[in-house]
Amino acid sequence: MFSTTGSYSVVARSILNGALLAFEEVNATSHDIELEPVVVNPSGDLARYRSLSLELLGSGIRQVVGCYTSSSRKEVIPCFEKFDGLLWYPSHYEGFESSDNVIYTGAAPNQHVLPLVDYLASRVGSRAFCIGSNYIWAWENNRIFREALIARGGTVLAERYLSMGDTEVDQVIAAIIEQRPDFVFNNLIGTSAYAFFRAFRAACRARGIDQAAEIPVASCTLSEPELPEIGPDAIDGHLSSSVYFSSLNSPENAAFINAYAQSFPDGPASSADAESSYIAVKLLAAALSQAGTDDARKVRAAVADQRLRAPQGEVRIDRQTFHAWLTPRIGRSSVNGQFEVLLESREPIAPDPYLVQSSPRFASAMRSPLLKVV
């Protein structure tokens, strides 16, 4: 259940592709179960998310891999709780949520927001300007970011929000350039984000500002299929905090990238969220096999016993929170449409969706591959 049309359709189509690839592989290799995907498209309409969830659950389907935005997830959770289904949510999100009817395979805030705060505060600067799309993801992410940055001695100069899909960005760009922060923390999504990246680079260039070097934009959402949407004039130099980049060098990722390209030659490119939906289906299949039923409670109990060598590395579901252990990374976009990995955790990090055990100080757990100090 992904909005493959609408303002964030590029990412959603990538997520759907990741899930469909996993379905293909499970059915080609499994000897005890066969999965038949039923694909629905809410087109970014929150009411449609709810009605489609009720239709799926009413038809007897109990396992749904779906949703990209937090607002859509919030909209459908009551349906899954009422009718005892299981939502597999394959996207990074803002945390601070608990439901017995959701398995979270995307990054929790301690796996993407806090590593980014630590990187920016220690290597870029301490003065931030926060922007975002006007819904819960940006509100909460900016709150977490602000608290973590202040704890590091930093300052948030301002926060600005745009309506979902709004591409009128000149006013917020003028405010950013006037205040000259050390960096911009971006929580815009979809077409709003692409318009901002293009216009911000152009506005800085017109004023003789090297935007990527002097006012870099850092995100927890920017991924490979979105870089071509930004365009060649502003594609490079953007920071992204993620648990997966398609440039990772491992046998598992090479196999994933090759299979993805063969199955979806017309794109869009793979992404962290595509890998997350791929992981969700693989873990779902393993849990169904162990449980011997699609009953939500039995599948939920079984999934905590699973381990997966995913394209990003080892992944498993935390039995206490039912979020995934994942490997935080910081990347920087380049002109070839890929991300150069600047920093990565040495091993998977336990999810802490409520930030009860985390601090923004991730430096001791991170390493810099191919980094030389001269």
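Heavy atoms only: backbone and side chains are in, while hydrogens, waters and symmetry mates are out. None of these values were measured; they are calculated from a predicted model.
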Q: Flag the pair D233 and R201 as a salt bridge only when some basic side-chain nitrogen lies within less than 4.0 angstrom of an acidic carboxylate oxygen.
A: no

Q: Is there a donor in the side chain of S334 and an acceptor in the side chain of N336, or the other way round, less than 3.5 Å apart?
A: yes

Q: For F197 and H238, take the angle between the two ring planes, folded into 0 to 90°, and tell me which bin it lands in: parallel under 30, tilted 30 to 60, perpendicular over 60.
A: tilted

Q: State whether D305 and R319 are salt-bridged, where the test is any N-O pair (Lys NZ or Arg NE/NH1/NH2 against Asp/Glu carboxylate O) under 4.0 Å.
A: yes

Q: When you compare the side chain of I215 with that of F129, does any pair of heavy atoms fall below 4.5 Å?
A: no

Q: Look at the aromatic rings of W137 and H112 and report parallel, tilted or perpendicular, splitting at 30° and 60°.
A: parallel

Q: Is E340 paired with R332 through a side-chain N to carboxylate O contact shorter than 4.0 Å?
A: yes

Q: When Ile, Leu, Val, Met, Phe, Trp and Tyr are grouped by side-chain heavy atoms lying under 4.5 Å apart, directly or through other members, which residues fall in the same group as V356?
A: Y354

Q: With no hydrogens and no angle check, is any side-chain donor or acceptor of R205 less than 3.5 Å from a backbone partner on Q211?
A: no

Q: For residues 160-168, please give each side-chain donor-acceptor pair under 3.5 Å, one per line with the distance, not counting sequence neighbours.
A:
from, atom 1, to, atom 2, distance (Å)
Y161, OH, N142, ND2, 3.1
Y161, OH, E159, OE1, 2.7
D166, OD1, E168, N, 2.9

Q: Could you work out, with side chain to side chain contact (heavy atoms under 4.5 Å, CB included) as the rule, every residue matching S51, not counting sequence neighbours?
A: R48

Q: Determine yes or no for a side-chain-to-main-chain donor-acceptor pair under 3.5 angstrom, with N253 supplying the side chain and S247 the backbone.
A: no

Q: Is R300 reaching over with its side chain to a backbone N or O of I103, donor-acceptor style, under 3.5 angstrom?
A: no

Q: Any donor-acceptor pair under 3.5 Å linking the side-chain atoms of S43 with those of T5?
A: yes

Q: Is F145 close to N187 at the side-chain level, that is, under 4.5 Å between some pair of heavy atoms?
A: no

